[in-house]
J.: 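Shown below is the structure under consideration.
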Amino acid sequence: MRYWLLKSEPDAYSIDDLAREPTKSTGWTGVRNYQARNFMRDQMAVGDLAFFYHSNCDEPGIVGVVKVAKKAYPDPTQFDAKSKYHDPASSRDDPRWLHVDVKFVKKTPPVSLAELKKHRALAKMRILQRGNRLSITPVDPAEWEFILGLMDRA
DNA sequence: GCCAACGTTGGC
DNA sequence: GCCAACGTTGGC
């Protein structure tokens, strides 16, 4: 099993939105980046765990943990003409965009981006690299454990 | 709101 | 296949 970090803008979809339906499997819709799609398609397995990260907000950082609940399948929003994720170039025969389902695990003490930057053990995280915009990134097991440790201390 | 970094598009 | 132009992301 692998570990991941999933970004979401809390204005669009926050950890609280997910926590509101703790038993439900929620489609991680709207990913329109090939690298991120490929992570979901090729590497994400049911049971994988991911940090839920709030981006583009007052206090960017990790705010929870989620679990992959269903392996990659076509993202329905690409076929929905009313969706802002609509992709007219994609067809049902050959869907361009796939996504996994996730399930709420827990909210965690927030670990801010500023906090993550303080630790040498995390220096290689994709999220901390300059100019990084990928909304889905792998997290090393050692990094995962380290961040859980930060939460325990909080 | 600014702007650097990045991905995508499309003309050639 | 190159690369300039454009749109988006996301921290600040």
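Quick caveat, the model's predicted, so the values are computed rather than measured. In what follows, chains are A, B, ... by sequence order, proteins preceding strands, each numbered from 1.
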J.: What's the CZ-C1' distance between A:R133 and C:dT8, to the nearest Å?
T.: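 Rounded to the whole Å, the gap is 6 Å.
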
J.: CG of A:N56 versus C1' of B:dC3: gap in Å, rounded?
T.: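 The answer, rounded to whole Å, is 13 Å.
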
J.: Could you state the atom-to-atom distance from NZ of A:K84 to P of C:dT9 in whole Å?
T.: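 About 7 Å, once rounded to whole Å.
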
J.: Start with the C-alpha distance between A:E9 and A:S55, add both sets of side-chain angles, then the distance that settles side-chain hydrogen bond (donor to acceptor under 3.5 Å, both in side chains), and finish with yes or no.
T.: CA-CA 5 Å; A:E9 300 191 10; A:S55 69; 4.8 Å; no

J.: Grab the CG-C1' distance between A:L5 and C:dG10 for me, whole Å please.
T.: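 Atom CG in A:L5 sits about 14 Å away from atom C1' in C:dG10.
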
J.: Consider ring pair (Phe, Tyr, Trp, His ring centres under 6.0 Å). Of A:W4, A:Y85, A:W97, A:F52, which one does A:W28 pass it with?
T.: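 Among A:W4, A:Y85, A:W97, A:F52, the one that satisfies the ring pair (Phe, Tyr, Trp, His ring centres under 6.0 Å) with A:W28 is A:F52.
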
J.: By nearest atom, which of the nucleotides C:dG10, C:dG11, B:dG7 is closest to the A:K117 side chain?
T.: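 Minimum distance to the A:K117 side chain belongs to C:dG11.
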
J.: Would you indicate, yes or no, if C:dG10 has its OP1 or OP2 atom less than 4.0 angstrom from a side-chain nitrogen or oxygen of A:K7?
T.: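 So the side-chain polar atoms of A:K7 do come within 4.0 Å of the phosphate oxygens OP1 or OP2 of C:dG10, strictly under.
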
J.: Nearest whole angstrom, please: distance from the P of C:dG10 to the CG of A:L6.
T.: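 Distance, rounded to whole Å: 12 Å.
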
J.: Once you round it to whole Å, what is the distance between C1' of B:dC6 and CG of A:L134?
T.: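 After rounding, the gap between these two atoms is 10 Å.
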
J.: To the side chain of A:Y53, which of B:dG7, C:dG11, B:dT8 is closest?
T.: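 Among the listed nucleotides, the one closest to the side chain of A:Y53 is C:dG11.
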
J.: Would you mind reading off the distance between A:E9 atom CD and C:dG10 atom P, rounded to a whole angstrom?
T.: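 Roughly 6 Å, once rounded to whole Å.
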
J.: Using heavy-atom distances to pick each residue's nearest nucleotide on DNA chain B, tell me which of A:R96 and A:N132 is more 5'.
T.: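 Its nearest nucleotide being more 5', the pick is A:N132.
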
J.: Nearest whole Å is fine: how far is C:dG11 P from A:Q129 CD?
T.: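 After rounding, the gap between these two atoms is 14 Å.
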
J.: Measure from NZ or CZ of A:K71 to the centre of the six-membered ring of A:Y73, then state whether that distance is under 6.0 Å and the direction lies within 45° of the axis.
T.: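 No, A:K71 and A:Y73 do not form such a contact.
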
J.: Do A:T77 and A:R32 get their side chains close enough for a donor-acceptor pair, meaning under 3.5 Å?
T.: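 Judged by distance alone, the side chains do pair up.
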
